[in-house]
*Asks:* 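Before I ask anything, here is the structure I am working with.
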Amino acid sequence: MLSRFRFLGNFYSTQSRFFFSRFAFTQSDLPPPEWIEPFINLSDLSATNPEDLTPSPWVAPNFVAFVLASAEIQNKPDVASRFFAWAAKQKKYTHKLECYVSLINVLALANDLVKMRFLFGQLKEMQFVMTMSSANSLINIFGELGMVEELLWVWRRMKDNEVEPSLYTFNFLLNGLVSSMFIESAERVFEVMENSKIRSDVVSYNTMIKGYCKAGQTLKAMKLLRAMEMVNLEPDKITYLTLMQACYSEGNFDSCLVLYHEMAEKGCEVPPHEHSLVVGGLCKEGKCLEGYVAFENMIRNGVKANVAIYTTLIDAFAKCGKMEEALELFERMKTDGLEPDEVSYGVIVNGLCKSGRLDEAMDYLKFCSANEVAVNAMFYSSLIDGLGKAGRFDEARKLFEEMVEKDCPRDSYCYNALAKCGRINEALALFKRMEDEGCDQTVYTYTILISGLFRERKNEEAMKLWDMMIDKAFEDMITVLCKAGRVKEACKLADGIVVRGREIPGRIRTVLINALRKAGNADLAMKLMHSKIGIGYDRMGKIKRRVKFRSLLES
DNA sequence: TTAGGGTTAG
C-alpha cells in the first residue's frame, strides 16, 4: 500500500509541475490539488458526493484515476464505486485501465469478491493495452486472493501486448502462485526466470522457499538455500526466518539451531523471533537450562526479551519441576517492564496445579478475574485437573459450571479433566453434553470412557465406543496428513479403510481433493473428483470395483 | 515485492 502511495505522489508532483507551466489542462492531464479541492475533498473522500460535482471539464481520465487511487488509499470502497459509476455516465469519458485497477484493489481490500469479478469481466472486454504497473498490481492482488485464473489472464495479456515482465512482475507472480499453493506452477515460472534475461533475486528464492515450506517440503526448501550459495546470492534474514519457522513447526530443533548459528556466523542481523525459535526449541526438548543460556546470550547480543520468550522459558522450568525458578523468572519479567498476559498467567497456573499448589493457583485465577486478564479455558482445565487429582471433586465440578457464568467457552481439555475424575455415568453424560455443545471429542475422551466402561464390565458398550473412535481416528489422521502435505500417506490410509469394509465419507474425499490441489497436483485432484476411486460397493453391499487411492499417485 | 511469538491431559 505504501508503495502505491509513493507512486501516486511521484505521479502527482510531476504532473502538477507540468500544469503550472501550461496554466491549463487538457483531457488527459491532471489538475493540481488546489484546483480539485473546491469540488472534491481529497483528504476525506466520503465527505464528497459525486452526484453534486459539476461534470466538464473536470472529468479528465487522469483526474478520475487520481480520485479513485485516493479512495483506494483511504480504503473507501463505497466512495470509489460511486465515483467510478458517476464518471462512467459523463459524456465523452471512458475509464482508463488504472481506474479499473484502483477500484479492483479497493474492492479486494473490502473483500468484495463478487463486485471484483464483475469489474474484472468488464476490464477484459475493454481491450486495454496492459501496462507494467497495472499488471503488477493486478497480479499481486489476484495472487493474494487465490484468483489464479484471473492472474494468468493478466500475465497472458501482458505477453500479447509485448510488455516485458520485470523482476517485480515475476516475483508477484511467484508469490501469487505460492499463496494459492500452485507450487508446481511456481516451480516452472522459477525455471523460466533462471533461463531468461531476468535473474531471480533473493525475493524470488525466498518466495519459492516459502512455497516449499508451506507444502511441507522442507528438504527442497533447504536445497534452495544451498542453491543460493552456488549462484552467489546472499540469503537474508527472511530466508532464514522462513526456514527456521518451518523446521520449528516440524519439531526439527537441531536444524533450527544450525541455521541460527549459520546466520550469526555470516554476520546477518538476527531478529527477536529467531531467538524465540531457538529458546523455544530447546525448551520443547526439555532442555530448560540450555534454553536459559540461549536466552541470556540473546540479551548479551542487545536483543530485548519479550513476553513470548519469557513465557516459553517459564513453562519449560515449570515442566522440569523447577517451579521456584519459574516463579523467579515471572517476577523478573515484571521488573523488566513487561506486562504478563493471559498466556503467561496460564502457564503459571498450570505449573502450580501440576505441583499440587492448588490454593496458590486459585489465588491467581481470582487475581486475573479481578484485574481484567482474560481468563481462558486453559486456566480452568488446569485447575479442574488438579482439583480432580487431589480428590476435590465438588470444587472441580463447581469450577466447570462457573465457566458458563463467566462466558468462558469449554474446550475438550475441560470436559476430559472433569470426566476423568467423576463416575462413569457422569462421564457418559459429559460425552453427550460435548456433542450438544459442539465440542470435539478427542481420542483422550474415548480412552477415559472406554477404560471406565471396561472397569464396570460393560464390555459391549466399550467396544461400540472403540469402533466409533477408530472411524474418527482414521478420518482425523487423513486430515492431518493432508494438512502436512503428505498426500501419499493419506491415500494409503484411505485404502486401509476401504479394505476394512468401510466407505470413505464425502467430506474426507473433499479433504483429499483439496490436498492434491494444494500440493500442485490439480490434474490428480480433478481425476479424484470425477472418478469412483475408493467407492467400490454396489446396492447389495458387494465390492464392485476396488480402485485404490494410491493408484492416483502411482500413475 | 518475500517472513513474523508463547500455554493445557494418561
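The chains referred to below are lettered A, B, ... by the order of the sequence lines, with proteins before strands, and numbering in each begins at 1. Bear in mind that the values here come from a model prediction, so they are computed numbers and not experimental data.
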*Asks:* Under the side-chain hydrogen bond (donor to acceptor under 3.5 Å, both in side chains) rule, what pairs show up with a residue in residues 238-253 of chain A, not counting sequence neighbours?
*Replies:* A/N206-A/T239, A/T218-A/E250, A/D236-A/T239, A/Y240-A/E262, A/Y240-A/K266, A/Q245-A/H273, A/Y248-A/K284, A/N252-A/S255
*Asks:* Establish, with yes or no, whether the OP1 or OP2 oxygen of B/dG10 is under 4.0 angstrom from a side-chain nitrogen or oxygen of A/K389.
*Replies:*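 It does, given that an N or O in the side chain of A/K389 lies less than 4.0 Å from OP1 or OP2 of B/dG10.
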*Asks:* Name the nucleic acid region contacted by A/N416, choosing base, sugar-phosphate or nothing; use a 4.0 angstrom heavy-atom cut-off, strictly under.
*Replies:* base
*Asks:* Please state whether the phosphate of B/dG10, meaning OP1 or OP2, lies under 4.0 angstrom from any side-chain nitrogen or oxygen of A/K420.
*Replies:*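 Affirmative; the distance criterion is met.
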*Asks:* Taking only heavy atoms on the protein side, list every residue of residues 144-154 of chain A lying under 4.0 Å from any atom of DNA chain B, sorted numerically.
*Replies:* none
*Asks:* When you check the phosphate oxygens OP1 and OP2 of B/dT8, does a side-chain N or O of A/K319 lie under 4.0 Å from one of them?
*Replies:*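 Result: yes.
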*Asks:* Applying side chain to side chain contact (heavy atoms under 4.5 Å, CB included) between A/T447 and each of A/V443, A/T445, A/L449, report the one that passes.
*Replies:*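 For A/T447, the side chain to side chain contact (heavy atoms under 4.5 Å, CB included) check succeeds only for A/V443.
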*Asks:* Would you indicate what A/V307 reaches in the nucleic acid, counting non-hydrogen atoms under 4.0 angstrom: base, sugar-phosphate, or nothing?
*Replies:*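 Result for A/V307 = base.
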*Asks:* So which nucleotide from B/dT1, B/dT7, B/dA3 ends up closest to the side chain of A/F172?
*Replies:*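 The nucleotide sitting nearest to the side chain is B/dT1.
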*Asks:* Counting only side-chain nitrogens and oxygens, does A/K210 get under 4.0 Å of the OP1 or OP2 atom of B/dT2?
*Replies:* no
*Asks:* So what does A/S382 hit on the nucleic acid, given a heavy-atom distance under 4.0 Å: a base, only sugar-phosphate, or nothing?
*Replies:*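 Counting heavy atoms under 4.0 Å across all strands, no contact is made by A/S382.
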*Asks:* Let's see if you get this right: which residues in residues 341-363 of chain A place a heavy atom under 4.0 Å from DNA chain B?
*Replies:*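 Contacts with DNA chain B under 4.0 Å: A/D341, A/V343, A/S344, A/V347, A/N350, A/K354.
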*Asks:* Give the nucleotide from the list B/dT8, B/dT2, B/dT1 with an atom nearest to the side chain of A/N171.
*Replies:*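 Closest of the options to the side chain of A/N171: B/dT1.
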*Asks:* Between A/Y310 and A/R332, is there a cation-pi geometry (under 6.0 Å to ring centre, at most 45° from the normal)?
*Replies:*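 No, A/R332 does not sit over the ring of A/Y310.
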*Asks:* Determine the sole option in A/L365, A/D407, A/V349 for which the side chain to side chain contact (heavy atoms under 4.5 Å, CB included) test with A/V375 is passed.
*Replies:*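 For A/V375, the side chain to side chain contact (heavy atoms under 4.5 Å, CB included) test succeeds with only one of A/L365, A/D407, A/V349, which is A/L365.
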*Asks:* Keeping the roles fixed (side chain from A/S180, backbone from A/F182), state whether a donor-acceptor pair exists under 3.5 Å.
*Replies:*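 Absent.
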*Asks:* I need the residues from residues 269-284 of chain A with at least one non-hydrogen atom less than 4.0 Å from DNA chain B; give them sorted by number, or say none.
*Replies:*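 Within this stretch, A/H273, A/K284 sit under 4.0 Å of the strand.
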*Asks:* Kindly state whether the ring of A/W153 and the ring of A/F142 have centres lying under 6.0 angstrom apart.
*Replies:* no
*Asks:* For A/D315, give me all partners under side chain to side chain donor-acceptor pair (under 3.5 Å), at least two apart in sequence or on another chain.
*Replies:* A/K319
*Asks:* Where the side chain of A/D385 meets the backbone of A/A417, is there a donor-acceptor pair that is under 3.5 Å apart?
*Replies:*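 No, A/D385 side chain to A/A417 backbone: no donor-acceptor pair under 3.5 Å.
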*Asks:* Give one of base, sugar-phosphate or nothing for A/N306, where a contact means two heavy atoms less than 4.0 Å apart.
*Replies:*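 The answer is base, as A/N306 lies within the cut-off (heavy atoms under 4.0 Å) of a base atom.
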*Asks:* Take atom CG of A/L259 and atom C1' of B/dA3, then tell me their distance rounded to the nearest Å.
*Replies:* 14 Å
*Asks:* Between A/E144 and A/S179, is any side-chain donor less than 3.5 angstrom from a side-chain acceptor?
*Replies:* no
*Asks:* Specify the residues of residues 396-413 of chain A, ordered by number, for which at least one heavy atom lies under 4.0 angstrom from an atom of DNA chain B.
*Replies:* A/D411, A/Y413
*Asks:* Please confirm whether any donor atom in the side chain of A/S381 sits under 3.5 Å from an acceptor in the base of B/dT8, or the reverse.
*Replies:* yes
